[in-house]
Amino acid sequence: MKNDFVTILDFGSSKITCMAASKVSDKGEFSIRAVGQVAYNGFDSDVWYEPNSIPDGISQAIGQVEAKMKTKIKEVFVGVPGVFCAEVTSEATVAFHSKKKIDEVDIQDVIDKADIYKCESGYSPLGGKPVCFILNGVLKLPNPVGMIADRLMGVVSFSYMKNYFRDSVVQALRKIGINKYCFINTCEAQANYINQAMFGENHTVLVVDIGHITTNVMLCGGNGLLFERTFALGSGYFASDLCQVLGCDFNFAMSALEKINLNLEVQSGDAYSLNGKMIDAFQANEVVRARIAQIAEYIIKSFRFYDKDIPQDTPIVLTGGGLAHLRGGLDCLAANLGKKVRMYESFNVQTRRNEYTSCYGLIFEAVKNNKSKGGVLAFLRRDRKGDK
């Protein structure tokens with residue numbers, strides 16, 4: 001019997017998270033039914049920090065969900081972190097002999113024609129996703145199906161995953177009896193989910209996810225990803241800085257971050273009290289401010305790798321568990337970027353937590369693409385070219 005829910009697996013910079021969710025509507029709305037989570041040491045730009053811990057971490061996270069759902073997980077949508085992904089965009093035009101009603105076949109023709117890149121050695125393609133379409137050179141739409149036109153131009157985003165990531169995850173999944181899986185670019189899914197949730201269709205938005213040890217910068221336009229960049233900076237670096245300056249251990253420094261308030265106008269001699277110990281408030285604030293300034297600098301530098309202009313009114317949304325919960329962190333980041341920054345927000349109590357927006361994005365993508373006939377395999381045939 002086919003499960004009536006989708007299961008996603010998300011690899012954050014400090015936790016492996018598994019979630020099971022049921023589809024609520026064809027628009028991607030969902031209800032979370034179970035969560036499993038295991039702490040681990042994450043990754044850098046090339047490898048896992050502790051590769052031997054990955055199989056057990058995956059098994060435990062999925063096992064927690066299976067216990068709560070009281071059923072065996074048979075298929076899973078796997079999020080590929082930004083450090084293990086590459087992304088490019090391309091444009092293509094399909095001209096018709098006469099005006100016609102656009103259908104899904106025409107959309108696929110544009111995607112196929114735009115696929116001009118050869119997959120580099122060591123990577124596997126995740127498929128192409130349309131960002132937006134232009135009909136007859138004038139009308140711009142996120143989804144032109146049903147419209148009448150004699151020419152269709154599309155901007156398509158293509159994602160690629162490192163085989164190193166794929167092979168290690170596949171081996172771990174097969175070890176626990178899961179042989180049906182689909183890989184999704186986490187940054188694309190997350191940015192698209194936040195864009196849809198906060199702004200609706202046909203918007204361009206810059207999403208910044210600051211986690212424990214990595215930051216993802218994502219430019220989303222329409223229904224797809226225009227640009228992504230990942231660099232190694234996050235809340236774990238705040239704590240490391242505090243350790244060096246204050247002479248405390250890492251766990252104490254992480255707890256100190258819950259006390260720090262960058263909105264306060266602290267002066268020399270002011271202090272935070274934590275577990276009976278006093279922390280120099282002025283010094284602590286300045287240390288964290290300096291690191292946030294560096295993160296802002298890296299965000300700005302990221303766009304040296306993007307060759308197109310970004311509209312000045314493009315909204316910037318902050319998410320992730322690294323900076324979103326630091327009091328005054330949002331305003332400090334905005335001041336260093338010289339732009340207004342909004343916090344990710346949701347009216348749904350199940351999807352309010354910033355540290356899980358990557359999971360919400362994967363679920364959002366999964367429930368839209370998990371077809372009633374063929375389940376995850378229908379999606380696999382389209383998006384896992386080259387996965388042998």
Q: Evaluate side chain to side chain contact (heavy atoms under 4.5 Å, CB included) for Tyr298 paired with Val217, printing each intermediate quantity in order.
A: CA-CA 10 Å; Tyr298 274 54; Val217 181; over 6 Å; no
Indicate whether any N or O donor in one side chain lies under 3.5 Å from an N or O acceptor in the other, for [X] and [Y].
{"X": "Arg352", "Y": "Ser346", "result": "no"}
{"X": "Gln190", "Y": "Tyr356", "result": "no"}
{"X": "Gln108", "Y": "Asp112", "result": "yes"}
{"X": "Tyr193", "Y": "Tyr344", "result": "yes"}
{"X": "Asn163", "Y": "Ser124", "result": "yes"}
{"X": "Glu228", "Y": "Asn185", "result": "yes"}
{"X": "Tyr272", "Y": "Asn285", "result": "yes"}
{"X": "Gln312", "Y": "Lys339", "result": "yes"}
{"X": "Ser157", "Y": "Glu87", "result": "yes"}
{"X": "Asn216", "Y": "Thr230", "result": "yes"}

Short question: side chain of [X], backbone of [Y] - any donor-acceptor pair under 3.5 Å?
{"X": "Gln37", "Y": "Cys18", "result": "no"}
{"X": "Thr7", "Y": "Val76", "result": "no"}
{"X": "Thr93", "Y": "Met153", "result": "no"}
{"X": "Asp10", "Y": "Ile16", "result": "no"}

Q: Dump the intermediate steps for side chain to side chain contact (heavy atoms under 4.5 Å, CB included) on Val78 and Leu173, then the final yes or no.
A: CA-CA 10 Å; Val78 181; Leu173 290 174; 4.0 Å; yes
How about [X] and [Y]: do any of their side-chain heavy atoms sit closer than 4.5 Å?
{"X": "Lys74", "Y": "Lys180", "value": "no"}
{"X": "Phe183", "Y": "Phe77", "value": "no"}
{"X": "Cys119", "Y": "Pro125", "value": "yes"}
{"X": "Phe165", "Y": "Phe11", "value": "yes"}

Is it true that [X] and [Y] fall in one hydrophobic cluster, defined by side-chain heavy atoms closer than 4.5 Å?
{"X": "Phe347", "Y": "Val205", "value": "no"}
{"X": "Leu274", "Y": "Met278", "value": "no"}
{"X": "Val288", "Y": "Leu264", "value": "yes"}
{"X": "Ile184", "Y": "Ile32", "value": "yes"}
{"X": "Val105", "Y": "Val156", "value": "no"}

Q: Measure from NZ or CZ of Arg151 to the centre of the six-membered ring of Phe96 and say whether it is under 6.0 Å with the direction within 45° of the ring axis.
A: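 Not satisfied by the 6.0 Å and 45° rule.
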Q: Give the C-alpha distance, both sets of side-chain angles, the deciding distance and a yes or no for salt bridge (charged side-chain N to carboxylate O under 4.0 Å, His left out) between Arg33 and Asp4.
A: CA-CA 11 Å; Arg33 296 175 59 182; Asp4 64 346; 3.1 Å; yes
Q. Between Phe84 and Phe43, does the ring centroid distance fall short of 6.0 Å?
A.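 Yes; Phe43 has its ring centre under 6.0 Å from that of Phe84.
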(Q) Check for me whether the distance between the ring centres of Tyr117 and Tyr160 falls short of 6.0 Å. (A) no
Which value, rounded to the nearest 0.5 Å, describes the distance between [X] atom [atom1] and [Y] atom [atom2]?
{"X": "Phe199", "Y": "Cys220", "atom1": "CZ", "atom2": "SG", "value": "10.5 Å"}
{"X": "Ile260", "Y": "Leu326", "atom1": "CD1", "atom2": "CG", "value": "6.5 Å"}
{"X": "Arg289", "Y": "Asn336", "atom1": "CZ", "atom2": "CG", "value": "9.0 Å"}
{"X": "Leu323", "Y": "Cys332", "atom1": "CG", "atom2": "SG", "value": "8.0 Å"}
{"X": "Leu318", "Y": "Asn354", "atom1": "CG", "atom2": "CG", "value": "6.5 Å"}
{"X": "Thr319", "Y": "Glu355", "atom1": "OG1", "atom2": "CD", "value": "8.5 Å"}

Which atom pair, heavy atoms only, marks the closest approach of [X] to [Y]?
{"X": "Glu50", "Y": "Ser53", "value": "O-OG, 2.7 Å"}
{"X": "Leu135", "Y": "Pro144", "value": "CD1-CB, 3.4 Å"}
{"X": "Met218", "Y": "Cys187", "value": "SD-O, 3.3 Å"}
{"X": "Ile58", "Y": "Ala172", "value": "CD1-CB, 3.6 Å"}

Q: Dump the intermediate steps for side chain to side chain donor-acceptor pair (under 3.5 Å) on Tyr181 and Arg174, then the final yes or no.
A: CA-CA 10 Å; Tyr181 37 82; Arg174 289 177 176 171; 2.6 Å; yes
**Q.** CA sep, side-chain torsions, deciding dist, call: Glu188, Lys129, side chain to side chain contact (heavy atoms under 4.5 Å, CB included)
**A.** CA-CA 9 Å; Glu188 180 179 72; Lys129 188 170 183 179; 3.6 Å; yes
Atom pairs and distances, side-chain donor-acceptor, residues 231-256, under 3.5 Å, sequence neighbours left out:
residue	atom	partner	partner atom	Å
Tyr237	OH	Ala232	O	3.3
Ser240	OG	Gly236	O	3.1
Asp241	OD1	Arg291	NH2	2.8
Asp241	OD2	Arg291	NE	2.8
Asp241	OD2	Arg291	NH2	3.3
Asp249	OD1	Asn251	N	3.3
Asp249	OD1	Phe252	N	2.7
Ser255	OG	Asn251	O	3.2

Q: Answer yes or no: is there an ion pair linking Asp46 with Lys162, defined by an N-O contact shorter than 4.0 Å?
A: yes
Q: Among residues two or more places apart or on two chains, list those pairs meeting salt bridge (Lys or Arg N to Asp or Glu O under 4.0 Å) that have a residue in residues 255-281.
A: none
Q | Crowding at NZ, Lys101 (>12 non-hydrogen neighbours, <6.0 Å) | A |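 No, because the 6.0 Å sphere around NZ of Lys101 holds 12 heavy atoms or fewer from other groups.
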Q.
With a 6.0 Å cut-off (strictly less than), is the heavy-atom count around CD of Gln171, excluding the residue itself, greater than 12?
A.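 Open.
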Q: Might you work through the salt bridge (charged side-chain N to carboxylate O under 4.0 Å, His left out) test for Lys100 and Asp106, ending with a clear yes or no?
A: CA-CA 10 Å; Lys100 62 160 291 187; Asp106 301 319; 2.8 Å; yes
Q. Side chain to side chain contact (heavy atoms under 4.5 Å, CB included) with Ile292: which of Ile210, Leu337, Leu333, Leu330?
A. Leu333
Q. With respect to Phe5, which candidate in Ile73, Ile363, Val367, Val65 satisfies the side chain to side chain contact (heavy atoms under 4.5 Å, CB included) definition?
A.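 The residue from Ile73, Ile363, Val367, Val65 that satisfies side chain to side chain contact (heavy atoms under 4.5 Å, CB included) with Phe5 turns out to be Ile73.
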**Q.** Worked check of side chain to side chain contact (heavy atoms under 4.5 Å, CB included) between Phe282 and Gln267
**A.** CA-CA 6 Å; Phe282 180 80; Gln267 299 176 355; 5.6 Å; no
